[in-house]
Engineer: 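Got a structure for you, written out below as structure tokens; questions coming shortly.
None of these values were measured; they are calculated from a predicted model.
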Amino acid sequence: MNPECYPITMLPQTSRLFLDFLERPDALAPFYVRGAYAESWAGEAVDFDRSKRAQLADLLTEQNRSFGAGEAAMANIERLRTGASAVVSGQQVVLFGGPLLTLLKAATAIRKAQDASAAGYPHVPIFWLASEDHDLDEAGHLELPTRHEVRTLRWDGGHTGAARPVGNLQLGESIVPLLDEAGALLGPGPWLEDLERAYTPEATFGSAFGRWIASVFAEHGLIVIDASTRAFHALGAETLRRAITDADRLAGRLLDRDRELAAAGYHSQVLVAPGSSLLFLLDEETGARLPLRRERSQGVSSREPDAGATDAQGGEWKAGKKSYSTRELLAILDAAPERLSPNALLRPVFQDTILPTASYVGGPAEIAYFAQSQVLYEAILGRTTPVSPRLSATLVEAPVAAAMARFGVTLPDFFRLSPDELAQRVGARSIPVEGKQMMARAGNALDEELTALTGWMQALDADLGRSAAVSASKMRYQMNRLRRLAANFQLQRDASLRRHVDALYLALYPDRHPQERVLGGAWFLARYGPGLPLLLVEHASQQCPGHKLIYL
């Protein structure tokens, strides 16, 4: 079956900023370097230092070998060494690969790199592991469907509340029973074996995720990067340094941008509070990732600093209960750069200090962040990376597609209607033909007679006509009530109808959330094998500027 394309507005809780990014790119010109689907970057080389390319390629080669990457990824690293640009996407490292959207992001980066290379300039796909995030509650779970519910697998390894970077946490023996539980839900097969090879007790959360996603897209040459190491942070140190020395000026630019967004009718995605900074600091003793705050500053301004001045040189900083001078932070950056970590707004700039990024592929929230990050790009790098939306999709298995056709329901019905409302509709459509015909005749006759009668009474007197219209509305309500009674009786008579409706919601809109944000990608990989990554890459072109329904 051919895929279907729906407007992105169908999805719940989509920000106005992202909707306008897709549908009215010209209105967002001050906040983004190019529109969502402009591909002029594909024919351009990214200005990137040759010696830095060599260092980057050496580090990626070593790291991707540790992830078990294949020949295609190694060949792409060599292309990067010799001048190729990168199409980058990324994701927080999540248990067993996380929700389907992880696969959708990687597939989109691969497809856009392929398309850009076909346009004449070599591009390679890179997947950035956001291993420095410290939200274990968000990262440490995976949701898989059973026949009647969504089952949540959860790992904390005894680290609950530690606020340490998730990627560095060792999995330990507590991962073994979770693998057993995943195996019972996914069933035996090569994709379960891939999970077992990646998620070993000796692995860290980051290395396991890296090995897993490298294996899923091995055929496509996906390069994987975990930039949390000292060597990668040293490559990006200049951006971290600017976040310290130019803290006031950058904060001023962000505040100016917040005002510009508000004036245009948008809200900021990341709060820029007084005293906040763009950095986290890893505590040397506990390993906790603590937000750095400015305790004293030179005054927030978006103006360029005076020649020779070092902005914020006299400021004092605080992380947790410890205070630091600017000089001490710069000493930490020189000696142990991996202890300084960018926040959500600085992360893409830090990423593109390390990588020759031609385009970034993101989800709705990431793209919304870029409206703020753009001022940091210009201030620090002197350029802004174009951003593009990832593939947004719902995957439909054959039995689900057959049930949708049988009951005459479409994907938008699940987003628009509650399960009770949709069950009512299915019940009404399941009423025997003779019953439908009788109710249709009665309803049509009633509507025709009431229309004529209320029109005649309106002609006699306006007040009389209004009273007649109210009474007619009550009669039509009672007619609709008869239809609901018949539908409810059909649902009670055939209990399987409601079970079918609940099963459809579970498959397409679990817990009233889009499938791509809830159900684990591992579930679909286990059922459809190596053909699934190929299918997702095929569908990741930008032919559908919204949400795709993909039949499996």
Engineer: Looking at side-chain heavy atoms only, is the closest gap between Tyr360 and Val87 below 4.5 Å?
Structural biologist: no
Engineer: Donor-acceptor pairs are to be reported for all side-chain atoms of residues 283-292 against protein atoms at under 3.5 Å, with residues two or more places apart or in another chain.
Structural biologist:
unit_1	atom_1	unit_2	atom_2	d
Asp283	OD1	Lys322	NZ	3.2
Asp283	OD2	Glu285	N	3.0
Asp283	OD2	Thr286	N	2.9
Asp283	OD2	Thr286	OG1	3.3
Thr286	OG1	Ala288	N	3.2
Arg289	NE	Glu132	O	3.0
Arg289	NE	Ser341	OG	3.0
Arg289	NH1	His134	ND1	2.9
Arg289	NH2	Ser341	OG	3.0
Arg289	NH2	Pro342	O	3.1

Engineer: Inspect the contact between Arg65 and Glu62 and indicate whether a charged nitrogen and a carboxylate oxygen are less than 4.0 angstrom apart.
Structural biologist: no
Engineer: Working to the nearest 0.5 Å, report the span between CG of Leu340 and CD1 of Ile332.
Structural biologist: 6.5 Å
Engineer: Can a salt bridge be assigned to the pair Arg527 and Glu397 using a cut-off of 4.0 Å between side-chain N and carboxylate O?
Structural biologist: yes
Engineer: Starting from the C-alpha separation in whole Å, work towards a yes-or-no answer on salt bridge (charged side-chain N to carboxylate O under 4.0 Å, His left out) for Arg416 and Asp413.
Structural biologist: CA-CA 5 Å; Arg416 262 195 323 257; Asp413 291 331; 2.8 Å; yes
Engineer: Quickly, which of Tyr377, Phe21, Phe18 forms a ring-ring contact (aromatic ring centres under 6.0 Å, His included) with Phe370? Name it, please.
Structural biologist: Tyr377
Engineer: Which heavy atom in Thr61 sits nearest to a heavy atom in Met74, and how many Å separate them?
Structural biologist: O-CE, 3.7 Å
Engineer: Would you say the side chain of Ser541 lies within less than 4.5 Å of the side chain of Leu391, judging by non-hydrogen atoms?
Structural biologist: no
Engineer: Let me confirm one number: the CD-CG distance from Gln55 to Leu59, rounded to the nearest 0.5 Å.
Structural biologist: 7.5 Å
Engineer: If you compare all heavy atoms of Ala344 against all heavy atoms of Ser373, which two are closest, and at what distance to 0.1 Å?
Structural biologist: O-OG, 4.4 Å
Engineer: If you take all heavy atoms of Ala139 and Val93, which pair is closest and at what distance?
Structural biologist: CB-O, 3.3 Å
Engineer: By the salt bridge (charged side-chain N to carboxylate O under 4.0 Å, His left out) test, which pairs, at least two apart or in different chains, include something from residues 196-212?
Structural biologist: Asp194-Arg197
Engineer: Do Tyr6 and Glu4 make a side-chain contact, defined as non-hydrogen atoms from C-beta onward lying under 4.5 Å apart?
Structural biologist: yes
Engineer: What I want to find out is whether Asp334 reaches Arg241 closely enough, with some N-O distance under 4.0 Å, to be called a salt bridge.
Structural biologist: yes
Engineer: Evaluate the ring planes of Trp128 and Phe350, with Trp represented by its six-membered ring, and classify them as parallel (under 30°), tilted (30 to 60°) or perpendicular (over 60°).
Structural biologist: perpendicular
Engineer: What do the steps show when you test Leu525 against Val216 for side chain to side chain contact (heavy atoms under 4.5 Å, CB included), and what is the final call?
Structural biologist: CA-CA 9 Å; Leu525 287 170; Val216 172; 3.9 Å; yes
Engineer: Looking only at heavy atoms, which two atoms of Gly520 and Leu142 are closest? And how far apart?
Structural biologist: CA-CD1, 3.6 Å
Engineer: With distance as the sole criterion, is a donor-acceptor pair present between the side chains of Ser418 and Asp420 under 3.5 Å?
Structural biologist: no
Engineer: Of the non-hydrogen atoms in Ala237 and Leu333, which two are nearest, and what is the gap between them?
Structural biologist: O-CD2, 3.8 Å
Engineer: Quick one: do Asp133 and Glu138 satisfy side chain to side chain contact (heavy atoms under 4.5 Å, CB included)? Show the steps, please.
Structural biologist: CA-CA 10 Å; Asp133 289 355; Glu138 183 177 331; over 6 Å; no
Engineer: So, taking the atom named CH2 in Trp212 and the one named CG in Leu95, what distance separates them when rounded to the nearest 0.5 Å?
Structural biologist: 10.5 Å
Engineer: I'd like to check Ile213 versus Phe67 (side-chain heavy atoms, cut-off strictly below 4.5 Å). Are they in contact?
Structural biologist: no
Engineer: How many angstroms lie between CG in Leu376 and CG in Leu254, if you round to the nearest 0.5 Å?
Structural biologist: 4.5 Å
Engineer: About how many Å separate CH2 of Trp523 and CG of Leu519, when rounded to the nearest 0.5 Å?
Structural biologist: 9.0 Å
Engineer: Any side-chain heavy atom of Ile354 sitting closer than 4.5 Å to one from Leu56?
Structural biologist: yes
Engineer: Salt bridge check, Glu516 against Lys548: does any charged N sit closer than 4.0 Å to a carboxylate O?
Structural biologist: no
Engineer: Going by atom type alone, with no hydrogens or angles, which donor-acceptor pairs under 3.5 Å involve a side-chain atom of residues 96-106 and a protein atom two or more places apart or on another chain?
Structural biologist:
unit_1	atom_1	unit_2	atom_2	d
Thr102	OG1	Gly97	O	3.0
Thr102	OG1	Pro99	O	3.3
Lys105	NZ	Gly90	O	2.9
Lys105	NZ	Gln91	OE1	2.9
Lys105	NZ	Glu366	OE1	2.8

Engineer: CD of Glu149: more than 12 outside heavy atoms within 6.0 angstrom?
Structural biologist: yes
Engineer: What is the minimum heavy-atom distance between Pro386 and Ala358, and which atoms define it?
Structural biologist: CD-O, 3.2 Å
Engineer: Please report the interatomic distance CG(Leu536) to CD1(Ile110), rounded to the nearest 0.5 Å.
Structural biologist: 9.5 Å
Engineer: Does one side chain, of Thr385 or Asp352, offer a donor that lies under 3.5 Å from an acceptor on the other?
Structural biologist: yes
Engineer: Can you confirm whether Leu222 sits close enough to Asn76 that some side-chain heavy atom of one is under 4.5 Å from a side-chain heavy atom of the other?
Structural biologist: no
Engineer: Within 45 degrees of the ring normal and closer than 6.0 Å to the centroid, is that where the cationic atom of Arg293 sits relative to Trp317?
Structural biologist: no
Engineer: Should the pair Asp115-Lys112 be classified as a salt bridge under the 4.0 Å nitrogen-to-oxygen rule?
Structural biologist: no
Engineer: Heavy atoms, side chains only, cut-off 4.5 Å: are Leu240 and Leu279 in contact?
Structural biologist: yes
Engineer: Please work out which of the three classes, parallel, tilted or perpendicular, describes the rings of His547 and Phe415, given edges at 30° and 60°.
Structural biologist: perpendicular
